[in-house]
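I am attaching a structure below and will ask some questions about it afterwards.
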Amino acid sequence: MSRKKIVAGNWKMNLDYQAGISLFSEITQMLKDEHRGNQEVIVCAPFIHLGALNKLNDVKEKLGVGAQNLHQADSGAYTGEISGSQIKSVGGKYVLIGHSERRSYFKETNEILAEKVDAAFRHHLTPIFCIGETKEQREDGSYFEVLKAQLEQSVFHLSSKDFERVIIAYEPVWAIGTGLTASPEQAQEVHAYIRKVIAEKYSQELADSISILYGGSCNPKNAESLFAQADIDGGLIGGASLKSRDFLDIVKVYNS
Ligand code: PEP
């Protein structure tokens, strides 16, 4: 089964306006020079960058721009928030939903995330839906249940027609920004499980068509062995996406 291979960067709350433009320009140039294959590249940037990056993007067939969050309402009195239609209006194509930093620091529950997923669909944004267990949940063995509940409560209400557009990112919380990476075997075990749960809910065919990304201290040294696993279809990259060379070296794992 050939699924879409995807490498997505998450800049988090880094880079002021000029620094974002510089990094993005380096990435587009390197993609022109070095990207050889069908892998899709995504940059999820802070809101302030989205319009400028979209205008700068002259490799749209390879590279898409996304946001890191959206509000569940379409407009209104939500001071400081950003809606799906606003993201769409500056050329955003993707949106991260359910990142563990949003779940823990901003108290986004599975129920709120389900509303955000619906908002993304209303505005034709592709959700990159993140799930992951904490260190405690891995150690006490409850991680399969936790991951299943995250899917059931936030994305399994979607019709199969909508669900087939979702990108899933498995990001063990204990591996995000810690320098600790899930081993290829640990990640593969979970990715295969996620695919099984999707097959049970929808169909094997649909499960086989969904891209499931790994995230958590992924870097140019470990990307190859992670991406070689049967059920891993790419990565969601935090720290290493802030360095154009490292990011491109990860993208190039999929060069043909
Ligand atoms: C992330 O924030 O999605 C992430 C995976 O971060 P890092 O690569 O820095 O662990």
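Heavy atoms only: backbone and side chains are in, while hydrogens, waters and symmetry mates are out. Every number for a ligand or one of its atoms is a count from 1 in the order of the listing.
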Closest protein heavy atom (residue, atom, distance) for atom 9 (O) of ligand 1: Gly239 N, 2.8 Å
Lys/Arg N to Asp/Glu carboxylate O, Arg103 vs Glu171, below 4.0 Å: no
Just wondering, do Lys116 and His71 contact through their side chains at under 4.5 Å, heavy atoms? no
Out of all atoms in ligand 1, which are within 4.0 Å of some heavy atom of Asn10? Include the element for each. 1 (C), 2 (O), 3 (O)
Under 4.0 Å from one or more heavy atoms of Ala175, ligand 1 contributes atoms 10 (O)
Heavy-atom pair of closest approach, residues Pro184 and Gln229: CB-NE2, 3.4 Å
For ligand 1, the portion of Ile176 having any non-hydrogen atom under 4.0 Å away: both
Any side-chain donor-acceptor pair under 3.5 Å between Gln188 and Tyr214? no
Go through it in stages, so that I can follow the logic: the residues are Glu133 and Trp174, the test is side chain to side chain donor-acceptor pair (under 3.5 Å), and I'd like the CA-CA distance, side-chain angles, deciding distance and then a yes or no. CA-CA 8 Å; Glu133 81 282 2; Trp174 47 272; 2.9 Å; yes
Quick one: look up the protein heavy atom nearest atom 5 (C) of ligand 1 and list residue, atom name and how far away it is. Glu171 OE2, 3.0 Å
Is Leu236 close to ligand 1, meaning an N/O of one under 3.5 Å from an N/O of the other? no
Taking everything shown except Glu224 itself, do over 12 heavy atoms lie less than 6.0 Å from its CD? no
Tell me the contacting part of Ser241 for ligand 1: side chain, backbone, both, or neither, using a 4.0 Å heavy-atom threshold, strictly below. neither
Could you walk me through whether His191 and Tyr170 pass ring-ring contact (aromatic ring centres under 6.0 Å, His included), step by step? CA-CA 7 Å; His191 281 234; Tyr170 167 57; 5.8 Å; yes
Decide if atom NZ of Lys4 counts as having more than 12 heavy atoms of other residues, nucleotides or ligands within a radius under 6.0 Å. no
For ligand 1, which atoms have a heavy atom of Ser217 less than 4.0 angstrom away? 7 (P), 8 (O), 10 (O)
Answer yes or no: does an N/O atom from Lys12 fall short of 3.5 Å to an N/O atom of ligand 1? yes
Under 4.0 Å from a heavy atom of His99: which atoms of ligand 1 are those, numbered in the order shown and with their elements? 1 (C), 2 (O), 3 (O)
Under 3.5 Å between some N or O of ligand 1 and some N or O of Gly238? yes
Could you list the atoms of ligand 1 found under 4.0 angstrom from a heavy atom of Gly216? 5 (C), 10 (O)
Take atom NZ of Lys32 as the centre, draw a 6.0 Å sphere, and report whether it contains more than 12 heavy atoms from other residues, nucleotides or ligands. yes
Contact check, Gly177 vs ligand 1, heavy-atom distance below 4.0 Å: yes
